[in-house]
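What follows is one structure encoded as structure tokens, with my remarks underneath.
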Amino acid sequence: MSYNDRRRFIKLGLASSAALAAGCTDAPKAHTSTTGPDRTKGPLILSTWKHGLAANATAWEVMRTGGTVLDAVEQGVAAVESDLTNRSVGLGGMPDRDGHVTLDACIQDHDGRAGAVAFVQRFEHPIRIARAVMERTPHVMLVGAGAERWAEENGFSRRDVEIPEVKAKWLEWLEKAEYRPVVNIENHDTIGMVAMDASGRLAGSCTTSGMAFKIHGRVGDSPIIGAGLFVDGEAGAACATGVGELVIRTAGSHTVVELMRQGMEPTEACKEAVRRIIRQNKDMQDKQVGFLAIRADGAFGGWSVYDGFDFALRTNDREELVPTGHDRKWVG
Ligand code: SD4
């Protein structure tokens, strides 16, 4: 999705929110809780947004050629991190208010092992650093200068990227925007991926440049285990996209997995996590949040606040972009 498409997405949300009746629910086309969940025995990969198609293709190839599901979720999203035309993931992402692109990522495996980095600058692959944190340290999360120093000491090289279009957007924003903590100037397009291999093992990853024009130092849900991502091989895996603050406050991905553990279908679990967010926030104007989930038995689904959230699906016989069900519809 291009920067302009994303702006349109936000504007549509703004324009339509006044017309939205609370509780107005559109019947989802691809995932209906009434007809039961989609299900596959695996391999299965779900990724957020259109860029998920390329990520899934990479991840699929990794598994096809003998890589683990953890390798697949790492390399799948790493492919998107390398795409400098992507304005919401990796070094091509939009900067914060001070003009710095700061990156967040996390990864988790079937057994709940996890690694994360947040607020790191000038590294092409935060997801690879996150995996290294998981595998080479006793910790789960490193942030900021400490994470950067550790990454350099552990073989990750800095990369400087300057993209004139991004700089121009930032300068434009500085001129026009009021300096206040507007949560949702840009609110989506993180890549989150959850996957299952042929033997039923799960893994997930999430990586983002976060919200455009955020306050320097702000970290969203994406690198936080339980918020932007949660994997528990016994129950399932979930990831989130959208306004990170809302997802953190509800421990969103953890909520989805715990609901699936209690037997809920993945689409219903995602829907309930979205509805908790809606119940907690009177003003959902221009705030999109979406979840994707795979249950341990291979059932999968997704749900979002507004329409417009598509996920990339890859199975043995499907490779497509699927719209999630949603609570609210744009009418403007
Ligand atoms: C964040 N969740 O930093 C991220 C933003 C995003 O899709 O782009 N999500 O809050």
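Just follow the structure's listing: the first ligand is 1, and inside any ligand the first atom is 1.
- Under 4.0 Å is where a charged nitrogen must lie from a carboxylate oxygen, and between Glu245 and Arg249 no such pair does.
- Between Val243 and ligand 1, no N or O atom pair is found at a separation short of 3.5 Å.
- Between Thr241 and ligand 1, at least one pair of N/O atoms sits closer than 3.5 Å.
- In terms of polar-atom proximity, Gly244 is counted as a contact of ligand 1, with an N or O under 3.5 Å from an N or O of the ligand.
- Listed by number with element, the atoms of ligand 1 under 4.0 angstrom from any heavy atom of Met211 are 3 (O), 10 (O).
- Near Asp221, meaning under 4.0 Å from any of its heavy atoms, are these atoms of ligand 1: 1 (C), 2 (N), 4 (C), 10 (O).
- Taking only non-hydrogen atoms, the option from Val89, Thr102, Thr190 nearest to atom 4 (C) of ligand 1 is Thr190.
- Put simply, part of Ser222 is less than 4.0 Å from ligand 1, judged by heavy atoms.
- Looking at Val305 and Met284, their side chains come closer than 4.5 Å, going by heavy atoms from C-beta outward.
- With respect to Asp109 and Arg131, no salt bridge is recorded, no charged nitrogen being found less than 4.0 Å from a carboxylate O.
- Side-chain contact, His125 with Ser82: a donor N or O sits under 3.5 Å from an acceptor N or O.
- By the 4.0 Å N-to-carboxylate-O rule, Arg275 lies too far from Glu272 to be salt-bridged with it.
- Asp307 and His326 form no side-chain donor-acceptor contact under 3.5 Å, judged by distance and modelled atom types alone.
- Between Arg218 and ligand 1, at least one N/O pair is under 3.5 Å apart.
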